[in-house]
Engineer: 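Would you mind keeping the following structure in view while I ask a few things?
Just so you know, these numbers come straight off a predicted model, no measurement behind them. One-based numbering, in listed order, for ligands and for the atoms of each.
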Amino acid sequence: MISVVVPVYNEEKNLLPLMDRLEKALRKAGQTYEIIYVDDGSRDNSLEVLKGFIGRDGVRVLELTRNYGQHSAIISGFSVVRGDIVITIDADLQNPPEEIPAIVRTMEEGSFEVVGTVREMRKDSILRKIPSRIVNAMTRRITGIRMRDWGCMLRGYRREVVDRMVESQEYSTFIPALATLYAKRMTEIPVGHEERHAGVSNYNMWKLMNLQFDLLTSFSEFPLRVLLYMGTAMAVLGIAFGALLVVMRIFYGAAWAENGIFTLFAVLFFFVGALFFALGIMGQYIGRIYHEVRKRPRFTIRKLHER
Ligand code: UDP
Ligand code: MG
């Protein structure tokens with residue numbers, strides 16, 4: 001059985017064409033299927049439209065109590081899946097549903113646990129593509145997995161991987177990276193990409209940056225190590241600089257040292273700046289620890305609507 005999980009946040013105009021195309025594509029795949037729409041606290045009519053789908057084959061609608069963000073919405077969908085293969089797809093039709101059979105086929109033929117996708121001819125603005133490149137390079141480094149496109153959420157996972165992700169209880173999650181912790185056989189296939197069907201993107205620069213920071217701090221201690229290196233380097237430099245000042249004073253006398261007073265200020269500012277930087281990064285980790293110990297739910301389900 002194939003389970004498709006679709007996070008939905010204010011997508012009322014996209015849902016009807018999405019439903020039709022999903023249904024067609026899944027029938028073509030020739031297996032039983034379910035489609036789990038997760039209403040992530042939409043403020044428009046999305047939930048009503050989704051409830052209208054409930055009579056149709058395999059449709060289940062998971063209603064969250066408020067907006068939790070795309071990744072938490074998907075995890076909540078994961079928590080109720082029944083299929084052996086789980087596909088995630090965006091609701092705005094940027095990912096063509098017609099690619100689903102190819103993902104399923106790849107997964108079964110190569111017995112892969114995770115099948116990612118690479119967006120060919122990506123239809124997004126340059127302002128989205130450049131940050132994507134940085135994210136992709138970083139994610140490759142952090143996870144040590146050579147996948148090319150981490151941002152595309154049209155992906156397939158084996159049920160075991162999905163279950164482990166649900167069990168993991170991580171608060172801030174970036175699903176494609178999280179999956180790499182629980183899977184060995186992973187691959188990527190090329191897929192098409194389209195413009196958003198209707199409505200506007202729910203992500204802005206700010207949200208993307210936050211997602212990126214979550215990814216970095218939840219998957220690596222690299223920033224902490226950078227701090228250590230920088231701290232060490234700066235301490236060494238400071239000592240060297242102090243020694244230099246002493247030597248110069250011996251050779252050129254006190255007058256020279258007085259003129260150097262501004263240099264000292266510069267050094268001071270540099271160190272104070274570095275200190276704040278260090279505190280800021282530590283703050284990020286402490287913030288994460290705080291999140292984890294509070295153990296707030298990642299999502300709360302109001303109701304699962306199904307036939
Ligand atoms: N989404 C969601 N909750 C949110 C933001 C987005 O469930 O808080 C869903 C949204 O409905 C869509 C998918 O996540 O199905 C991707 O969002 P969007 O298309 O806005 O992002 P972009 O394609 O611009 O990265
Ligand atoms: Mg989109």
Side-chain angles (χ1 to χ4, degrees), residues 3-19 21-22 35-50 53 59-81 86-97 99-100 116-136 139 149-155 171-178 191-212 214-215 297-302:
S3 296
V4 180
V5 175
V6 193
V8 176
Y9 182 59
N10 299 343
E11 307 276 9
E12 56 179 2
K13 294 222 171 59
N14 300 323
L15 294 171
L16 211 61
L18 172 75
M19 180 70 221
R21 284 174 64 182
L22 267 177
I35 306 173
I36 300 165
Y37 292 101
V38 183
D39 176 60
D40 188 16
S42 297
R43 290 168 190 283
D44 65 359
N45 255 330
S46 296
L47 183 63
E48 277 60 48
V49 179
L50 291 175
F53 293 159
V59 173
R60 306 163 80 198
V61 177
L62 195 59
E63 180 186 347
L64 300 188
T65 52
R66 65 162 171 90
N67 180 248
Y68 282 94
Q70 182 186 3
H71 291 258
S72 297
I74 293 175
I75 294 274
S76 74
F78 282 173
S79 73
V80 301
V81 291
V86 182
I87 309 276
T88 56
I89 188 170
D90 285 354
D92 58 356
L93 288 167
Q94 287 199 280
N95 314 129
E99 306 279 6
I100 292 177
T117 56
V118 185
R119 291 166 284 191
E120 306 274 283
M121 311 273 291
R122 187 168 164 197
K123 302 278 192 323
D124 272 319
S125 70
I126 192 86
L127 278 176
R128 286 298 293 274
K129 286 194 227 168
I130 291 173
S132 269
R133 297 202 141 193
I134 303 171
V135 172
N136 286 334
T139 314
D149 189 353
W150 292 91
C152 186
M153 292 302 288
L154 174 58
R155 301 173 98 81
Y171 190 87
S172 316
T173 34
F174 182 70
I175 292 166
L178 188 63
V191 293
H193 194 239
E194 288 162 24
E195 306 259 6
R196 192 172 232 290
H197 180 77
V200 286
S201 169
N202 295 300
Y203 280 96
N204 52 30
M205 231 18 176
W206 183 242
K207 269 181 147 180
L208 284 175
M209 257 169 53
N210 280 334
L211 193 66
Q212 198 43 36
D214 271 351
L215 171 67
R298 274 181 298 181
F299 53 83
T300 38
I301 296 170
R302 175 163 291 139

Engineer: Looking only at protein heavy atoms, which one is nearest to atom 25 (O) of ligand 1, and what is the separation?
Structural biologist: R128 NH2, 2.7 Å
Engineer: Which protein non-hydrogen atom lies closest to atom 8 (O) of ligand 1, naming both residue and atom, and how far is it?
Structural biologist: N67 ND2, 3.0 Å
Engineer: Can you check whether N45's main-chain N or O pairs, donor with acceptor, with E12's side chain at less than 3.5 Å?
Structural biologist: yes
Engineer: Which ligand 1 atoms does R196 reach within 4.0 Å, using its non-hydrogen atoms?
Structural biologist: 18 (P), 19 (O), 20 (O)
Engineer: Considering only protein heavy atoms, which is closest to atom 19 (O) of ligand 1, and at what distance to one decimal place?
Structural biologist: D92 OD2, 2.6 Å
Engineer: Mark yes or no for whether E99, through its side chain, and G192, through its backbone, hold a donor-acceptor pair below 3.5 Å.
Structural biologist: yes
Engineer: Taking the side chain as every heavy atom from C-beta outward, state whether H193 and D124 have any atom pair closer than 4.5 Å.
Structural biologist: yes
Engineer: Quick test of your reading of the structure: of E11, Q94, H71, whose heavy atom lies closest to atom 11 (O) of ligand 1?
Structural biologist: E11
Engineer: Examine distances only and state if a side-chain atom of D40 and a backbone atom of Y68 form a donor-acceptor pair shorter than 3.5 Å.
Structural biologist: yes
Engineer: Provide, to 0.1 Å, the distance between atom 24 (O) of ligand 1 and the closest protein heavy atom, together with that atom's residue and name.
Structural biologist: S201 OG, 2.5 Å
Engineer: Can you find a non-hydrogen atom of M153 under 4.0 Å from ligand 1?
Structural biologist: no
Engineer: With heavy atoms of A91 as the reference, note each atom of ligand 1 found under 4.0 Å away.
Structural biologist: 12 (C), 15 (O)
Engineer: Name whichever N, O or S atom of D92 ends up nearest to the Mg ion (ligand 2).
Structural biologist: OD2
Engineer: Looking at F174, F299, Y203, which hits ring-ring contact (aromatic ring centres under 6.0 Å, His included) with H71?
Structural biologist: F174
Engineer: Considering only heavy atoms of V8, which atoms of ligand 1 have at least one such atom less than 4.0 Å away?
Structural biologist: 7 (O), 11 (O)
Engineer: If we ignore hydrogens and angles and just use 3.5 Å, is the side chain of S42 paired with the main-chain N or O of L47 as donor and acceptor?
Structural biologist: no
Engineer: Before signing off on this row, confirm whether A73 and ligand 1 have an N or O atom pair separated by under 3.5 Å.
Structural biologist: no
Engineer: Are the side chain of R155 and the backbone of I175 linked by a donor-acceptor contact shorter than 3.5 Å?
Structural biologist: no
Engineer: With respect to V200, determine whether any N or O atom, backbone or side chain, lies less than 3.5 Å from an N or O atom of ligand 1.
Structural biologist: no
Engineer: For the backbone of W150 and the side chain of T139, can you confirm whether one donor and one acceptor N or O come within less than 3.5 Å of each other?
Structural biologist: no
Engineer: Where do D90 and Q70 land on the side-chain contact (heavy atoms from CB on, under 4.5 Å) test, with the steps shown first?
Structural biologist: CA-CA 9 Å; D90 285 354; Q70 182 186 3; 3.2 Å; yes
Engineer: Are any non-hydrogen side-chain atoms of K123 and R128 less than 4.5 angstrom apart?
Structural biologist: no
Engineer: Quick test: of every protein heavy atom, which one is nearest to atom 21 (O) of ligand 1, and how far off is it to 0.1 Å?
Structural biologist: Y203 CD1, 3.3 Å
Engineer: Using heavy-atom distances, let me know which of D40, N95, N10 sits nearest atom 4 (C) of ligand 1.
Structural biologist: D40
Engineer: Tell me the protein heavy atom at minimum distance from atom 9 (C) of ligand 1, and give that distance in Å.
Structural biologist: P7 O, 3.8 Å
Engineer: Distance under 4.0 Å to a non-hydrogen atom of D90: what atoms of ligand 1 satisfy this?
Structural biologist: 13 (C), 15 (O), 16 (C)
Engineer: What protein heavy atom is closest to atom 5 (C) of ligand 1, reported as residue, atom name and distance in Å?
Structural biologist: N202 CB, 3.6 Å
Engineer: Can any side-chain N or O of D39 pair as donor or acceptor with the backbone N or O of E63 at less than 3.5 Å?
Structural biologist: no
Engineer: Strictly under 2.8 Å, is any N, O or S atom of Q94 next to the Mg ion (ligand 2)?
Structural biologist: yes
